[in-house]
Enquirer: 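Here it is, the structure in full.
Read the numbers this way: they start at 1 and go in the same order the structure lists the ligands and their atoms. Reckoned from all heavy atoms, side chains included, excluding hydrogens, waters and symmetry mates. Every value quoted in this text rests on a predicted model; they were computed, and no experiment measured them.
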Amino acid sequence: MIYVTRREVFSASHRLFNPELSDEENEIIFDKCNNYNGHGHNYVLEVVVAGEVNPRTGYVIDLKKLKKIIIENVIKKVDHKNLNLDVDFLKGKIPTAENIAIGIWEQLEDKIEEGELYSVKLYETENNYVEYKGK
Ligand SMILES: Nc1nc2c(c(=O)[nH]1)N=C([C@H](O)[C@H](O)COP(=O)(O)OP(=O)(O)OP(=O)(O)O)CN2
Ligand SMILES: [Zn+2]
């Protein structure tokens with residue numbers, strides 16, 4: 001088994017709040033991330049595909065193909081978007097790094113036909129990242 005990684009970046013804004021909680025509770029839980037007009041991040045996404053090397057190509061999956069899959073199914077949906085309002089796969093979710101990574105996994109899981117999706121790592125800041133490996 002070998003692991004192939006494609007990195008992409010996107011910029012997006014969000015506000016962290018739970019509409020089922022009071023303003024006071026949201027303020028306590030989310031603090032500055034609850035800023036009413038939102039704030040932005042330059043997200044770094046790393047998608048890892050695991051598989052065996054195809055002896056005919058030497059590839060697990062062609063990284064050009066993986067790039068296209070990520071751009072079509074994720075980047076076009078999130079880049080320069082408001083994650084609270086604009087992104088179909090985040091509707092009804094608090095757009096934390098955890099929920100974004102899970103949403104990205106769900107967008108990609110069925111689209112990878114060579115090898116299989118192994119992990120989605122999402123850096124929200126230089127110091128903060130999450131990694132999702134499926135259920
Ligand atoms: N478990 C999570 N905690 C937090 C998330 C998240 O998605 N999951 N998100 C945020 C904020 O949106 C933001 O990412 C935090 O920004 P900040 O605390 O400023 O992060 P920095 O790395 O820039 O902070 P430094 O203190 O400068 O390292 C909050 N929590
Ligand atoms: Zn944030």
Enquirer: Closer than 3.5 angstrom, by distance alone: can the side chain of Asn54 be matched with the main-chain N or O of Val60 as a donor-acceptor pair?
Expert: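 No, the answer is negative, given that no donor and acceptor are paired below the 3.5 Å cut-off.
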Enquirer: Taking distance alone, with N or O pairs closer than 3.5 Å, would you say Cys33 contacts ligand 1?
Expert: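 No, since none of the N or O atoms of Cys33 sits under 3.5 Å from an N or O of ligand 1.
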Enquirer: Could you check whether atom 11 (C) of ligand 1 has a protein contact, counting only heavy atoms that fall below 4.0 angstrom?
Expert: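 It does: a protein heavy atom is found less than 4.0 Å away from atom 11 (C) of ligand 1.
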Enquirer: What do you reckon, does Thr96 have a nitrogen or oxygen under 3.5 Å from a nitrogen or oxygen of ligand 1?
Expert: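 It does not: no N or O of Thr96 is found under 3.5 Å from an N or O of ligand 1.
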Enquirer: Does the protein place a non-hydrogen atom closer than 4.0 angstrom to atom 22 (O) of ligand 1?
Expert: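 Within 4.0 Å: yes, protein heavy atom nearby.
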Enquirer: Give me the residue, atom name and distance of the protein heavy atom closest to atom 27 (O) of ligand 1.
Expert: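 Looking only at protein heavy atoms, the one closest to atom 27 (O) of ligand 1 is Asn127 ND2, 4.4 Å.
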Enquirer: Within the protein, is there a heavy atom lying under 4.0 Å from atom 30 (N) of ligand 1?
Expert: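 Within 4.0 Å: no protein heavy atom nearby.
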Enquirer: As an exercise, identify every atom of ligand 1 less than 4.0 angstrom from a heavy atom of Asn128.
Expert: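 It comes down to these atoms of ligand 1: 15 (C), 20 (O), 22 (O).
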Enquirer: If the threshold is 4.0 Å, N to carboxylate O, is there a salt bridge linking Lys65 and Glu114?
Expert: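 Salt bridge present between Lys65 and Glu114.
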Enquirer: For His39, counting its heavy atoms only, list the atoms of ligand 1 lying under 4.0 Å from any of them.
Expert: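 Ligand 1 atoms under the 4.0 Å threshold to His39: 12 (O).
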Enquirer: Sum up the protein N, O or S atoms located under 2.8 Å from the Zn ion (ligand 2).
Expert: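 There are 3 of them.
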Enquirer: At a 4.0 Å threshold, what atoms of ligand 1 neighbour a non-hydrogen atom of His14?
Expert: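 Contacts of ligand 1 toward His14, numbered from 1: 12 (O).
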Enquirer: Are Phe17 and Phe30 near enough that their ring centres are under 6.0 Å apart?
Expert: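 Distance test on ring centres: not under 6.0 Å, no.
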Enquirer: Measure across Leu16 and Pro95 and return the closest heavy-atom pair with its distance rounded to 0.1 Å.
Expert: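 That would be CD2-O, 3.5 Å.
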Enquirer: Apply side-chain hydrogen bond (donor to acceptor under 3.5 Å, both in side chains) to residues Glu124 and Tyr129 and explain how you reach the verdict.
Expert: CA-CA 6 Å; Glu124 195 169 62; Tyr129 71 90; over 6 Å; no
Enquirer: Any atoms of ligand 1 less than 4.0 Å from a non-hydrogen atom of Ala97? List them with their elements.
Expert: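 Listed by number with element, the hits are 6 (C), 7 (O).
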Enquirer: Rounded at 0.5 Å granularity, tell me how far CG in Asn26 sits from CG in Asp31.
Expert: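 These two atoms lie 11.5 Å from each other.
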Enquirer: Where's the contact between Leu16 and ligand 1, heavy-atom distance under 4.0 Å: side chain, backbone, both or neither?
Expert: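 Near ligand 1, Leu16 shows its side chain, while the N, CA, C and O stay back.
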Enquirer: What residues, two or more places apart in sequence or in another chain, satisfy side-chain hydrogen bond (donor to acceptor under 3.5 Å, both in side chains) together with Asn34?
Expert: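 With neighbours one apart ignored, the set is Arg15, Glu27.
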Enquirer: Is ligand 1 less than 4.0 angstrom away from at least one heavy atom of Glu126?
Expert: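 No, that is not the case, since the closest heavy atom of the residue is not under 4.0 Å from the ligand.
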Enquirer: Please report the shortest heavy-atom distance between Tyr118 and Ala50, naming the atom on each side.
Expert: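 Nearest heavy atoms, Tyr118 then Ala50: CB-CB, 3.8 Å.
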Enquirer: Going by the order shown, which atoms of ligand 1 are within less than 4.0 Å of some heavy atom of His41?
Expert: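 It comes down to these atoms of ligand 1: 12 (O), 13 (C), 14 (O).
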